[in-house]
S.K.: 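Let me begin by handing over the structure; questions about it come next.
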Amino acid sequence: QVQLVESGGGLVQAGGSLRLSCAASGRTFSSYAMGWFRQAPGKERELVAAIRRSGVYTYYADSVKGRFAISRDNAKNTLYLQMNSLKPEDTAVYYCAASSRVAPPPLQKEYDYWGQGTQVTVSS
């Protein structure tokens with residue numbers, strides 16, 4: 001069992017930055033590939049960024065490449081998402097999720113544990 005708690009969301013103007021954190025407790029954090037998903041009102045939840053257990057391999061959705069950076073600190077049991085050059089279309093609830101697979105899978109159903117989400121609102 002892994003418990004995930006996101007923090008760092010908020011209201012920011014377009015062009016601004018936010019850093020999301022996801023604190024993990026329970027089973028060994030380093031045993032899980034991790035992902036950040038987001039869900040905007042009326043839209044399906046989508047994978048934004050993901051990272052392998054070791055942190056070496058990362059994945060980004062095309063919509064955030066060059067603006068977002070995912071990282072993890074296995075010693076601190078924490079996942080991060082640095083979000084720069086934010087746009088109004090980045091407005092969504094952001095969730096972190098853990099998968100027991102070695103490489104981060106693309107589908108929601110392949111993630112075993114989820115946080116409660118943190119709201120990110122980008123004003124124009």
S.K.: Please lay out, stage by stage, how E110 and R101 fare under the test side chain to side chain contact (heavy atoms under 4.5 Å, CB included).
M.R.: CA-CA 8 Å; E110 296 174 297; R101 297 177 182 242; 3.2 Å; yes
S.K.: Could you tell me whether the side chain of W36 and the main chain of Y80 form a donor-acceptor pair under 3.5 Å?
M.R.: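 Checked: pair present.
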S.K.: Please tell me if the side chains of L86 and L18 come closer than 4.5 Å, counting only heavy atoms from C-beta onward.
M.R.: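 In short, these two side chains touch, coming nearer than 4.5 Å.
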S.K.: Against the six-membered ring of F29, is R72 placed for a cation-pi contact (under 6.0 Å from the centre, within 45° of the normal)?
M.R.: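 Geometry flag: set, cation within 6.0 Å and 45°.
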S.K.: Is there a side chain to side chain contact (heavy atoms under 4.5 Å, CB included) between R45 and Q108? Walk through the geometry before answering.
M.R.: CA-CA 8 Å; R45 192 173 298 186; Q108 295 182 54; 3.4 Å; yes
S.K.: Would you name the heavy atoms of E6 and C96 that are closest together and state the gap between them?
M.R.: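 Smallest interatomic distance, heavy atoms only, reads OE2-N, 2.9 Å.
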S.K.: Determine, stepwise, if the pair M83 / Y94 fulfils side chain to side chain contact (heavy atoms under 4.5 Å, CB included).
M.R.: CA-CA 11 Å; M83 304 187 295; Y94 284 71; 3.9 Å; yes
S.K.: Side-chain contact test, heavy atoms from C-beta onward, threshold under 4.5 Å: evaluate it for V120 versus L20 and give yes or no.
M.R.: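 Side-chain contact under 4.5 Å: yes.
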S.K.: Mind listing the closest non-hydrogen atom pair of Y111 and L47 along with its distance?
M.R.: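 Heavy atoms of Y111 and L47 come nearest at OH-CD1, 4.1 Å.
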S.K.: For G9, is there any backbone N or O sitting under 3.5 Å from a side-chain donor or acceptor partner on T118?
M.R.: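 Such a contact is found between T118 side chain and G9 backbone.
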S.K.: Parallel, tilted or perpendicular for W114 and Y95, by the 30°/60° rule?
M.R.: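 It falls in the perpendicular class, over 60°.
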S.K.: What is the distance from atom OG of S99 to atom OH of Y113, rounded to the nearest 0.5 Å?
M.R.: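 Here the rounded value is 10.5 Å.
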S.K.: Is it true that K87 and D90 make a salt bridge, defined as a side-chain N closer than 4.0 Å to a carboxylate O?
M.R.: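 Between D90 and K87 there is no salt bridge, as every charged N stays at least 4.0 Å from the carboxylate O atoms.
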S.K.: Identify the heavy atoms of A69 and Y60 that sit nearest to each other, and give their distance.
M.R.: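 Between these two residues, the closest heavy atoms are CA-OH, 3.3 Å.
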S.K.: Could you pull out the closest heavy-atom pair between V2 and A24, with the gap in Å?
M.R.: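 Taking every non-hydrogen atom into account, CG1-CB, 4.4 Å.
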S.K.: Measure the OG1-CD distance between T91 and Q119 for me, rounded to the nearest 0.5 Å.
M.R.: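 If we round to the nearest 0.5 Å, T91:OG1 and Q119:CD are 7.5 Å apart.
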S.K.: Is there a path of hydrophobic side-chain contacts, each under 4.5 Å between heavy atoms of I/L/V/M/F/W/Y residues, joining F37 to I70?
M.R.: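 I70 and F37: separate clusters.
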S.K.: Hey, any chance V122 and L81 share a hydrophobic cluster, counting ILVMFWY side chains that come within less than 4.5 Å of each other, even indirectly?
M.R.: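 Per the 4.5 Å side-chain linkage, V122 and L81 are co-clustered.
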S.K.: Can a donor-acceptor pair be found, under 3.5 Å and without considering hydrogens, that links the side chain of R53 to the backbone of S30?
M.R.: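 No; zero donor-acceptor contacts below 3.5 Å.
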S.K.: Does a side-chain heavy-atom distance below 4.5 Å link R52 with P104?
M.R.: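 The answer is yes; the side chains approach within 4.5 Å.
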S.K.: Quick one about Q3 and S25 (side-chain donor to acceptor, distance below 3.5 Å, no hydrogens or angles considered), yes or no?
M.R.: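 Present: a donor and an acceptor within the cut-off.
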S.K.: For the pair F68 and V48, evaluate side chain to side chain contact (heavy atoms under 4.5 Å, CB included) and give the outcome as yes or no after the intermediate values.
M.R.: CA-CA 9 Å; F68 289 12; V48 173; 3.6 Å; yes
S.K.: On a heavy-atom basis, which atom in V64 and which in R38 lie closest, and how many Å separate them?
M.R.: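 So the minimum-distance heavy-atom pair works out to CG1-NH1, 4.0 Å.
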S.K.: Mind listing the closest non-hydrogen atom pair of S17 and N84 along with its distance?
M.R.: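 Closest approach of S17 to N84: OG-OD1, 3.0 Å.
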S.K.: So, does Y59 use its side chain to make a donor-acceptor pair with the main chain of P105 at under 3.5 Å?
M.R.: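 Side chain of Y59 to backbone of P105, a donor-acceptor pair under 3.5 Å: no, none is there.
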S.K.: Verify the distance criterion only: is there a donor paired with an acceptor across the side chains of T78 and D73 at less than 3.5 Å?
M.R.: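 The criterion, which ignores hydrogens and geometry beyond distance, is not satisfied for D73 and T78.
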